[in-house]
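In what follows, a structure is listed as structure tokens, so that the remarks can point back to it.
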Amino acid sequence: MSRKGFLPLGDRLSRGAPALTASGLDPLRRLWVAGAALAGRLGLSGRTLVIALPYLWLLLFFLIPFAIVLKISFSEPLIARPPYAPLVEWVEGAYLEIRLNLGNYLFLAQDSLYAAAYLNSLKIAAVSTVLCLLIGYPIAYGIARAPVTWRMPLLMLIILPFWTSFLIRVYAWIGILKQNGLLNNLLIGLGVIDQPIQFLHTDFAVYVGITYSYLPFMILPLYATLERLDPALLEAAADLGCRPFKAFLTVTLPLSLPGILAGSLLVFIPAVGEFVIPALLGGPDTLMIGRVLWNEFFNNRDWPVASAVAIALLIFLVAPIMAFQHIQSRQQKADAR
Amino acid sequence: MSDPRLSPRTALRLATLSPLALGLGFGWAPAAADTVNVYNWSDYIGETTLEDFTAATGIDVTYDVYDSNDVLEAKLLAGSAGYDVVVPTAQPFLARQVEAGIYQPLDLDQIPNVANLDPVLMEQVARADPGNQHAVIYQWGTNGFGYNVAMIEERMPDAPVNSWDMMFDPEVVAQFEDCGVTMLDAATEILPLALHYLGLDPNTEDSEDLAAAEALLMSVRPYVKYFHSSQYINDLANGDICLAIGWTGDVLQAAARADEAGNGHEITYVIPEEGTVVWFDTLAIPADAPNPEAAHAFINFVLDPATMAGITNYVAYANAVPASLDLIDPEVAEDPRIFPPQAVLERLFSVSVVSQRFERERTRTWTRITTGQ
């Protein structure tokens, strides 16, 4: 089976770039052609430029901010503007003094708060991802199997909530979950409960909020994979005497694995660092790394430790993603053979 | 889009587009010459103050709000926040920020209404801002608690409603768990109160004292519904909670909102007899303010007795402009919870700056109290 359709995320995004730039108005296109000719004379082929663009993007919007945060994580806090000591200083006009303060990272290891916050964030993100998958898979499957004319309207329904501000959608959940809210009033009205149940300010509310907010990120890649599955495969399975459920387990599910992985990553990664949802819906005991970061940054005014927390979070997240990409590219090579 | 097939690429692009657009929308504020960018606490301005200012001076106001000194401080320390007038609390925030050099000295020639300020109260703020060079008092108030009269009475007819026992005695607080007890979410607001309740120095830098305050708060922690610094206003008004540590005016605003809504909830505010924290919120101009002249004009306008009376009437906090008292609604001006009598004033104390080391210890303690970690 070829898995060419599922490229690593970075590749996919970069392949979108040339298509975006090449389409446009006529004068723009002429400019593009002229630019390409000039670049060609300079020894730069269009290909090099096209490859350079995403790298430039990454450099500008990922690597440079990362370097700044990394730099701050090695400095010492000060009451000044900006509130940290410079890393590199000229001493007596002749000596270049570089002071690296590793204490911030040691501090993270010494206090159990940070490890507990990381682990709890991973747990909340993992549970939310599984919930998204359990809810999102049937929806994506349903849309992919729907009549062709229905698919685009159904997809629009998935994307439509994005047109409302994320913050307002989270606030709407406060209205639903609070003590005198819609849900409690409904349950009391139906006679299921006599006393309102505490939904808001609990981990339950955080799970609801994250699952609701990130569900489209799960459905869209799942739909993209499921929709491209060849129905002939299922027909073949049926012809060979396979029951529908078994055919789903042995044919559809394994073939949709790339979509499951892509969707899970798109949900899991932002969920780990989520701050707004636990801050608005979670209880005071909902410990997540985003909140710890906030405390360091705002309450302690300790930008260096806050930066160290951010870098550590990045390392904890990037390592598994790189491993995933690595396994995937190996698989692709194996499949290509 | 006639092709209903969606490539994974398009799916990803669609999925990432919206939050991106959302992110871009943040933090952008237009800057013009005849504009003043004011960054104030939430629910902390008169109903018509901003319109009146624009009508009087022709200067437009861009108004933005926060609910914690920490947020304001982080923005100011980062620099280029773009605000012209901010409202830091004198202790410990203004004190520390003046030291860090992030405010410009006020040009008093541009603020003739400075003469209206109560010199005794300004003297209090001079401890944070030597010589009163950078800030003037906006409003001041106390940390006390608000409660829903009927809900408390129903659960504990002989409740010690004038004492911090309501909040810090586990046996008392436990009675109110089911109707909702909340606290402000700030180490600097609550820990000094706990220390004071235990008879310890609220401005201590001693780790053992802090541990004692932590133990006290942990003993009532099981009965606290949430820690938040602004949500309690609406929740008190709606009867979603029945007891909250809060700031004078915020609790009284909750009472007014419940009254307006006519939902039958009677809310009242208490300055506990053991004494409590008094604080002063000040108006200051950041050193890098884009419109310093407009900022001075705004401060001058606010210090006008008529403007000040309008603000105090609405926010129910005390101000430092004695001439405004005659213009304030008598029920506000004569309310001892807003303008406490001398005997009560003597039991108030203010918090001061602590070392960075102790600050971290205090925040860490607070995290342990709120999250159990």
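By convention in this document, chain letters (A, B, ...) are assigned in the order of the sequence lines, proteins followed by strands, and residues within each chain are numbered from 1. Computed from heavy atoms alone, side chains included, the values below leave out hydrogens, waters and symmetry copies.
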Next on the checklist: Under the criterion side-chain contact (heavy atoms from CB on, under 4.5 Å), I'd like the reasoning laid out for B:Arg360 against A:Glu296: C-alpha separation, chi angles, the key distance, then a yes or no.
Outcome noted: CA-CA 9 Å; B:Arg360 169 168 282 288; A:Glu296 288 301 338; 2.8 Å; yes
Item to check | side-chain contact (heavy atoms from CB on, under 4.5 Å) evaluation trace for A:Tyr84 with B:Leu77 | outcome: CA-CA 10 Å; A:Tyr84 53 88; B:Leu77 288 175; over 6 Å; no
Item to check | Verdict with supporting geometry, B:His228 and A:His201, side-chain contact (heavy atoms from CB on, under 4.5 Å) | outcome: CA-CA 11 Å; B:His228 199 280; A:His201 306 302; over 6 Å; no
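Proximity to chain B (any heavy atom under 4.5 Å) is restricted, for A:Tyr114, to the side chain, taken from C-beta onward. Using a 4.5 Å cut-off between heavy atoms, A:Gln198 touches chain B through its side chain atoms alone. Residue B:Gln97 does not touch chain A at all, counting heavy-atom pairs closer than 4.5 Å. In this structure, chain B has no heavy atom under 4.5 Å from any part of A:Pro270. For a residue to count as touching a neighbouring chain, one of its non-hydrogen atoms must lie under 4.5 Å from one of that chain's; by this rule A:Asn120 does not touch chain B. Within the 4.5 angstrom heavy-atom criterion, no atom of A:Trp150 approaches chain B. Contact of B:Lys75 with chain A is not made at all, since no heavy-atom distance falls under 4.5 Å. Neither the backbone nor the side chain of A:Tyr214 comes within contact range of chain B, judged by heavy atoms closer than 4.5 Å. When heavy atoms are compared at a cutoff of 4.5 Å, A:Val292 does not approach chain B at all.
With a 6.0 Å radius and a threshold of 12 heavy atoms from other residues, nucleotides or ligands, A:Tyr171 has its OH atom at or below the threshold. Other residues, nucleotides and ligands contribute only 12 or fewer heavy atoms inside 6.0 Å of the CG atom of A:Asp194.
Within residues 213-221 of chain B, the residues having any heavy atom less than 4.5 Å from a heavy atom of chain A are, in residue-number order, B:Arg221. Among residues 362-369 of chain B, the residues having any heavy atom closer than 4.5 Å to a heavy atom of chain A are, in sequence order, B:Thr363, B:Arg364, B:Thr367.
Contact tally against chain A (heavy-atom pairs below 4.5 Å) for B:Asp235, B:Asn69, B:Asp240: the top residue is B:Asp240. Of the listed residues (B:Lys225, B:Glu99, B:Gln231), the greatest number of heavy-atom pairs within a distance under 4.5 Å of chain A belongs to B:Lys225. Interface check for chain B: of the options A:Leu287, A:Thr286, A:Val305, A:Asn299, the most heavy-atom pairs under 4.5 Å are formed by A:Asn299.
Heavy-atom minimum distance, A:Phe298 versus B:Asp70: O-CB, 3.2 Å. Nearest heavy atoms, A:Asn180 versus B:Asn238: ND2-O, 3.7 Å. The minimum heavy-atom distance linking B:Glu359 with A:Asn300 is given by the pair O-OD1, 4.0 Å.
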